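Everything numeric here is computed off the predicted structure, so don't read it as measured data. Hydrogens, waters and symmetry mates play no part in the numbers below; they use all other heavy atoms, side chains included. Residue numbers start from 1 in every chain, and the chains themselves are labelled A, B, ... in the order their sequence lines are given, proteins ahead of strands.
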Amino acid sequence: MGPMRPVAVVGMGCIASPGGSLDECMATLYAGERHPVTPSRFDASCPLDYPVFEVADDHLDVGADGRPLPRTAALALTASREAMGDAGIPPSSLEPARMGVCLGTNVGGSVGNDLLYRGAGRKAHPTPMERFTASNPTVALMDAFGCAGPFQTVVNACSAGNDAIGMAAGWIAGGLCDLVLAGGADELYQVTYRGFRALFINADAPCRPFDQRRKGLNLGEGAAILVLASETLCDNAGLKPRGYVLGYGTAADAHHFTHPRPDGLGLRRAQGDALAQSGLRAEEIGFINAHGTGTQGNDMAESKVFAEDFSDIPFLSTKGYTGHTLGAAGPVEAVFSLACLERQCLPATAGFEVPDPELPATPTAANTLISGDTALSQTLAFGGSNSVLILGRGEGGS
Amino acid sequence: MKMAINAIGAVGGFGCGVGALTAALEGQPPVPVSIDLETVHGVQTVQGLRADPNPLRDFVPVRVMRRMEHHIRIALLAAFDALGDADRRGVGDRGRLGIVMATGYGATCNSFDFQHLATASEDFSGSPTQFSNSVHNAAAAYLSIALSENGPNHTVSHYDLSVPMALTVAAQWLREDRVDSVLVGAVDEFSKAQAYTWQQRVANDPAAAGLPAIGEGACFFLLSRAAGEDPHPMDAYCLLDAVGLGRQTTPGRVRGLPASDLYLIGADGFGARDRDYAAVLPTTCRAGAYPQIYGVLPVGMAFDVAIAALGLDAGRTFTPANLPVPGGDGGEWRSPVAAPCCLKLGARQTYAWAALSRAEEG
């Protein structure tokens with residue numbers, strides 16, 4: 001793979017358990033606060049309490065017509081409005097046919113079937129297509145911002161959001177469009193909650209990424225959107241990038257459906273491709289935002305790769321603050337990473353207190369100052385997909 | 001990025017393989033079967049085109065197949081069919097391979113049977129295997145494991161525009177030199193919800209009973225860079241010149257729609273946008289739809305691409321369905337085409353097209 005010209009990130013938005021905006025989220029992270037709760041919107045029906053990370057309802061935007069949207073679409077729209085506001089692009093600079101949307105999601109587009117199958121009568125859309133378009137977050141953003149360019153809904157499980165950002169960066173670099181709303185969104189959904197429980201992946205306490213006492217992950221919900229822009233648009237509109245997408249890599253473990261490959265083969269290939277596209281070497285990375293779910297297998301696989309290939313590079317997991325937001329995880333962690341580069345400080349890894357002697361590398365245990373201009377942010381997915389972004393510090397922003 | 005279609009695999013109500021697909025196109029279309037649906041309103045009978053995944057036993061151990069849901073089996077069978085087609089056609093070293101999957105319904109199409117969700121307290125996700133298989137990228141993941149393929153693995157789901165999305169991913173990977181070839185596939189299983197809707201429509205309008213049945217199936221392509229751009233050229237059915245995807249900003253106009261001597265349109269007599277094709281097509285053009293071959297399903301465009309490719313390779317065209325759409329008079333067409341274009345109009349004024357042409361002489 002050859003190098004890619006850096007793709008500008010001119011706006012960012014984020015909504016997750018820590019807050020209704022990126023600044024609110026970062027303040028919560030640096031304060032070391034986290035708010036796991038018992039699921040409030042569906043019947044968990046279980047003797048044990050598997051905590052989740054919910055988004056407060058009053059943080060959610062409504063659709064352009066003033067009516068509430070299905071939750072995943074609402075999360076995406078809320079984050080998008082913040083991101084576009086952050087970008088501050090003059091409307092006269094935007095050409096609809098050159099505006100794209102690329103989102104990752106797990107449940108967006110699927111939950112609409114639930115209503116039909118429950119025979120909810122008037123609440124159910126009459127056809128599968130109408131239900132899909134009503135709940136799909138990509139469609140919601142195309143409607144809200146009048147995007148008429150390329151669009152895509154990525155459903156690569158936990159790596160969907162990172163893959164969406166990577167694909168979108170390729171659109172900009174390839175000249176397909178001048179602006180892309182790229183990111184991911186997923187709501188807490190009882191099917192997912194019960195499914196993870198059936199797989200014994202959920203922890204019955206707030207998660208502890210890379211901690212010796214870790215027992216699994218907590219689910220979360222949220223959305224994050226990055227506004228990617230071409231050099232032409234940046235020049236014409238006088239935009240100051242808050243960051244850059246420097247590289248993207250994706251590869252499969254081809255090993256097991258729910259367990260990562262212990263030798264990290266797929267992860268290393270994805271990291272290698274991302275670094276090759278960025279033109280950087282591993283030792284030039286300022287820090288790593290790990291997938292860091294708090295499961296035995298994931299944290300072991302990542303720790304091994306970090307120790308062997310990125311020794312002395314600080315890393316953290318932010319899932320102790322947000323839970324695992326599935327399709328939103330990659331974008332949420334990407335905007336967190338860019339915000340950390342701006343602030344030159346990493347938050348502590350929430351939930352990590354006791355190092356695991358089995359893990360050869362340990363994450364940040366306290367807020368940590370950094371001096372680098374680049375970050376690597378990675379996600380490992382059900383099905384064995386590994387998706388890696390290389391991000392760079394920009395000139396604009398807080 | 002211009003791509004070559006080097007191999008095709010297809011599974012549906014017509015059977016398995018390009019031979020079965022061609023036979024269906026040459027006058028032996030599949031006959032829908034009656035399927036009983038258990039609904040909250042009792043048992044209702046619908047017509048459908050079902051695919052048989054049992055030949056997958058030749059490629060995957062039965063003990064592994066047992067863990068796979070129906071849509072995964074269909075997808076894997078079509079993928080292995082494509083790889084077999086590649087071997088038969090003498091396609092050589094594929095180099096670095098990527099996998100892209102398109103699915104309109106996703107993997108949760110029939111995870112929730114009508115009766116199971118009748119009560120809110122039913123724990124319908126009690127099976128960890130069922131939940132794992134309900135993740136939308138399950139089929140692509142199983143395929144990577146079956147092939148021991150560590151390359152990029154990507155799944156898209158955007159209802160009836162999932163197929164062109166998958167094709168654009170393949171083109172992007174080839175352009176970025178992430179891979180040397182891409183196994184691009186599409187799969188949708190028989191949708192009980194869609195069939196229920198179809199049944200309601202037929203019940204209210206007896207004339208609708210002649211419309212194509214709800215279908216299921218999978219179609220895979222092995223794609224590579226077109227000869228001339230690739231240092232390892234492989235034999236090709238045809239070329240995939242370009243794929244367009246976007247949203248109409250002017251009524252009746254699809255940006256970049258290429259001139260073509262045959263438009264394969266995604267009309268099925270069922271879709272809300274069937275009547276819009278006449279407005280976007282050139283006033284004098286040949287157009288046809290083929291849902292009688294593969295049924296009504298979101299990833300139907302994959303079969304249209306396969307049909308166009310088979311026609312280019314054989315130097316002929318196939319008789320389209322008799323539908324109330326442009327070119328849908330079911331007349332026999334005998335003259336070959338040189339540049340077919342598959343066109344799909346999606347919800348919210350979205351569109352996608354895929355332009356094909358003859359492969360260069362070797």
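Listed by first and then second residue, the salt bridge (Lys or Arg N to Asp or Glu O under 4.0 Å) pairs that reach into residues 154-174 of chain A come to none, sequence neighbours excluded. Residue pairs meeting the salt bridge (Lys or Arg N to Asp or Glu O under 4.0 Å) criterion with at least one member in residues 132-146 of chain B, sequence neighbours excluded, do not occur.
Residues of residues 138-145 of chain A placed with any heavy atom under 4.5 Å of a heavy atom in chain B are listed by number as A:Thr138, A:Val139, A:Met142, A:Asp143.
Options B:Arg175, B:Gln349, B:Arg255, B:Arg247 differ in how many heavy-atom pairs under 4.5 Å they form with chain A, and the most are formed by B:Arg247. Interface summary for chain B: among A:Pro150, A:Ser387, A:Ala97, A:Gly266, the most heavy-atom pairs under 4.5 angstrom belong to A:Ala97. Contact count against chain A (heavy-atom pairs under 4.5 Å) is highest for B:Thr350 among B:Leu161, B:Leu143, B:Thr350, B:Leu147. The choice from B:Thr103, B:Val156, B:Thr155 that makes the most heavy-atom pairs within less than 4.5 Å of chain A is B:Thr155. Between chain A and the options B:Gly98, B:Ala141, B:Gly151, the largest number of non-hydrogen pairs under 4.5 Å is found for B:Gly151.
Residues A:Ala157 and B:Val135 approach most closely at CB-CG1, 3.8 Å, considering heavy atoms. For the residue pair A:Gly383 and B:Asn137, the shortest heavy atom distance occurs at CA-ND2, 4.4 Å. In terms of heavy-atom proximity, B:Val169 sits nearest to A:Met167 at CG2-CE, 3.8 Å. Minimum interatomic distance between B:Leu245 and A:Phe151 (heavy atoms only, all atoms of both residues): CD2-O, 3.2 Å. Summarising the geometry of B:Asn153 relative to A:Ser385, their closest heavy-atom pair is O-OG, 3.4 Å, with the distance given to 0.1 Å. Between A:Ala254 and B:Ser144, the shortest heavy-atom distance links the atoms CB-O, 3.4 Å.
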Check the pair B:Glu176, A:Met4 against side chain to side chain contact (heavy atoms under 4.5 Å, CB included), reporting the backbone distance first and the verdict last. CA-CA 9 Å; B:Glu176 294 174 352; A:Met4 175 182 76; 5.6 Å; no
Using side chain to side chain contact (heavy atoms under 4.5 Å, CB included), reason through B:His136 and A:Asn106 one step at a time and then give a plain yes or no. CA-CA 7 Å; B:His136 284 355; A:Asn106 282 226; over 6 Å; no
Evaluate the side chain to side chain contact (heavy atoms under 4.5 Å, CB included) criterion for residues B:Thr168 and A:Gln152: first the C-alpha distance (whole Å), next the side-chain angles of each, then the deciding distance (0.1 Å), finally the verdict. CA-CA 10 Å; B:Thr168 63; A:Gln152 188 173 132; 4.2 Å; yes
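Residue A:Ala173 does not touch chain B at all, counting heavy-atom pairs closer than 4.5 Å. Looking at A:Ile201, neither its backbone nor its side chain comes within 4.5 Å of chain B, counting heavy atoms on both sides. Neither the backbone nor the side chain of A:Phe200 comes within contact range of chain B, judged by heavy atoms closer than 4.5 Å. Contacts between B:Ile99 and chain A at a heavy-atom distance below 4.5 Å are absent for every atom of the residue. Within the 4.5 angstrom heavy-atom criterion, atoms from both the backbone and the side chain of A:Asn156 approach chain B. When heavy atoms are compared at a cutoff of 4.5 Å, B:Arg178 approaches chain A by way of both its backbone and its side chain. With a 4.5 Å cut-off on non-hydrogen atoms, B:Thr249 touches chain A through its side chain but not through its backbone.
Put simply, the side chain of B:Asn150 gets close to the backbone of A:Asp253: a donor and an acceptor are under 3.5 Å apart.
A:Phe257 is not listed as a side-chain neighbour of B:Arg67, based on a closest heavy-atom distance of 4.5 Å or more. Here the side chains of A:His256 and B:Ile145 are not in contact, with every heavy-atom distance at 4.5 Å or above.
Looking at residues two or more places apart in sequence or on another chain, you find a salt bridge (charged side-chain N to carboxylate O under 4.0 Å, His left out) between A:Arg268 and A:Glu308, A:Asp309.
Screening A:Val155, A:Thr250, A:Val154 against B:His154 for a side chain to side chain contact (heavy atoms under 4.5 Å, CB included) leaves a single residue, A:Val154.
Distance check: B:Trp173 CH2 to A:Met1 CE gives 11.5 Å after rounding to the nearest 0.5 Å.
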